[in-house]
There are 2 protein chains.
Amino acid sequence: DIEMRDMLYEGKAKKMFRTNDEKQLLVVYKDDATAFNGEKKGTILGKGQVNCEMSALLFRHLEAAGIPTHLIKSLTPGQMLVKTVTILPVEVIVRNIATGSLSKRLGAEEGKVLPHPILEFCYKNDALGDPLVNDDHITALGWATKEQLAVIRTMALKVNELLQPVMLKAGLRLVDFKLEFGLYDGEVILADEISPDTCRLWDAATGKKLDKDRFRQDLGQVEEAYEEVLKRLRQAVMVER
Amino acid sequence: DIEMRDMLYEGKAKKMFRTNDEKQLLVVYKDDATAFNGEKKGTILGKGQVNCEMSALLFRHLEAAGIPTHLIKSLTPGQMLVKTVTILPVEVIVRNIATGSLSKRLGAEEGKVLPHPILEFCYKNDALGDPLVNDDHITALGWATKEQLAVIRTMALKVNELLQPVMLKAGLRLVDFKLEFGLYDGEVILADEISPDTCRLWDAATGKKLDKDRFRQDLGQVEEAYEEVLKRLRQAVMVER
Ligand SMILES: Nc1ncnc2c1ncn2[C@@H]1O[C@H](COP(=O)(O)OP(=O)(O)O)[C@@H](O)[C@H]1O
Ligand SMILES: Nc1ncnc2c1ncn2[C@@H]1O[C@H](COP(=O)(O)OP(=O)(O)O)[C@@H](O)[C@H]1O
Ligand SMILES: [Mg+2]
Ligand SMILES: [Mg+2]
């Protein structure tokens, strides 16, 4: 059986613990919320459990469709067992609708449905503010190989294709989301989390924001939004089966 | 013969005049210098003539090697005749050595020779500060097609391969440079200028900066640097023939 050992690292949203098996980590999802690169801090009650269950549910859905993920199994609420990976320091953002930094930086009309998904790579480095990079930056500065980037690009687009219909069944538009990938036995697999912290989700009928933007923009009903998304997704993924 | 007509537009470094032939523009290079997206302003005496002659000399060199450029012919000092193109709103930066925004944004060590050139695309938009973009941004937001980007990428890398040895013959390291491309009869051709305003050039022996960074960073001997680069390049391109 799995035994929890010392903490490997504590991030902004999760604590990663070593276990008796060095190839397995225990993830404890936190209720802590941060935004604007750590400038805004707060708590979203129940977030840890929601994000953990939602991530698990979506990782299982993706695995079933052929995407390798780090999920081994769910444990007690708010905790999961995952494969220990070496995280590639490249955050992958997939955008279906223009909003946020895309609109601010490039003047793209807020809410505009993009003619094709936009993939963005950011260098995962809090001190530098996770700057946007391109493939040349990544390979020249040694953060991933060309081959790994090709795998990541294909997987990220496939994840988008797989998540969009599930979200729609839950009455949610998948506006954009962030993924992290890691190396496990030399292979690229999907890691980290998929949650309202890392996705923008808009109610398909009303356009209401049901994600971390409620916290970022002080829109209220933050906890309720997280719970709502999870409730709907439990149903949607059940129907899917 | 060519007659100068009204001004089409005045940029920060050049004035573009219509001529009696709508497919030809007369470019008047200015001594005006700007930096930091127009925040710093000044004059570099003789710059217009240097940049015009250097651009002409390098465009001719590139044409001879198969790169289509907008240059038709040199006129009086500081003026040239070019093909009227529709400028693609994508600035192309080619980097051989890490410095400037690459080092600041991504923490790459100043002066580090990159293992391969880094190409960057920026959306040519002064109001937005020429933000870095990737291929997906460009195609999704309609600034260039996938096919045009492929041509631009190939041409930019070939320009780099062609300019590096000429610069080295002139005792200059080609650190990085910016190109602009335009459409002429539906074809992508190289436009704008190639000058110490748009290239970073370091003396190969001493590392001395011989480009607009002398103006940006108030290093003095700005005019002398521009003249020196031109003098050396005249020689280098002669030897080349
Ligand atoms: N399977 C995994 N193996 C190792 N590290 C992981 C795994 N999944 C996620 N991580 C990393 O765990 C850390 C903690 O997560 P989180 O609290 O979200 O961090 P952050 O503050 O960087 O957002 C992050 O650096 C994340 O990349
Ligand atoms: N062959 C060409 N046809 C049309 N426009 C051109 C051509 N070459 C350059 N331009 C454009 O001329 C304008 C003036 O140049 P410049 O003074 O360098 O402008 P900027 O202030 O944008 O740097 C720029 O918008 C540039 O893109
Ligand atoms: Mg995180
Ligand atoms: Mg210019």
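Chain letters run A, B, ... following the sequence lines, proteins first, then strands; residues in each count from 1.
Dense packing is recorded around CD of Q217(A), with more than 12 heavy atoms of other residues, nucleotides or ligands lying under 6.0 Å away. In R232(B), the CZ atom is crowded: over 12 heavy atoms of neighbouring residues, nucleotides or ligands sit closer than 6.0 Å. With a 6.0 Å radius and a threshold of 12 heavy atoms from other residues, nucleotides or ligands, K40(B) has its NZ atom above the threshold.
If you measure heavy-atom distances from L114(B) to chain A, the contacts under 4.5 Å come from the side chain alone. Residue contact with chain A, scored on non-hydrogen atoms closer than 4.5 Å, is absent for N125(B). If you measure heavy-atom distances from L141(B) to chain A, the contacts under 4.5 Å come from the side chain alone.
Ring geometry for Y123(A) versus W143(A): interplanar angle under 30°, hence parallel rather than tilted (30 to 60°).
Between chain A and the options L119(B), L106(B), N134(B), T139(B), the largest number of non-hydrogen pairs under 4.5 Å is found for L106(B). Of the listed residues A140(B), P115(B), G129(B), P117(B), the one with more heavy-atom pairs under 4.5 angstrom with chain A than any other is A140(B).
Distance alone, capped at 3.5 Å, places no donor-acceptor pair between the K158(A) side chain and the G66(A) backbone.
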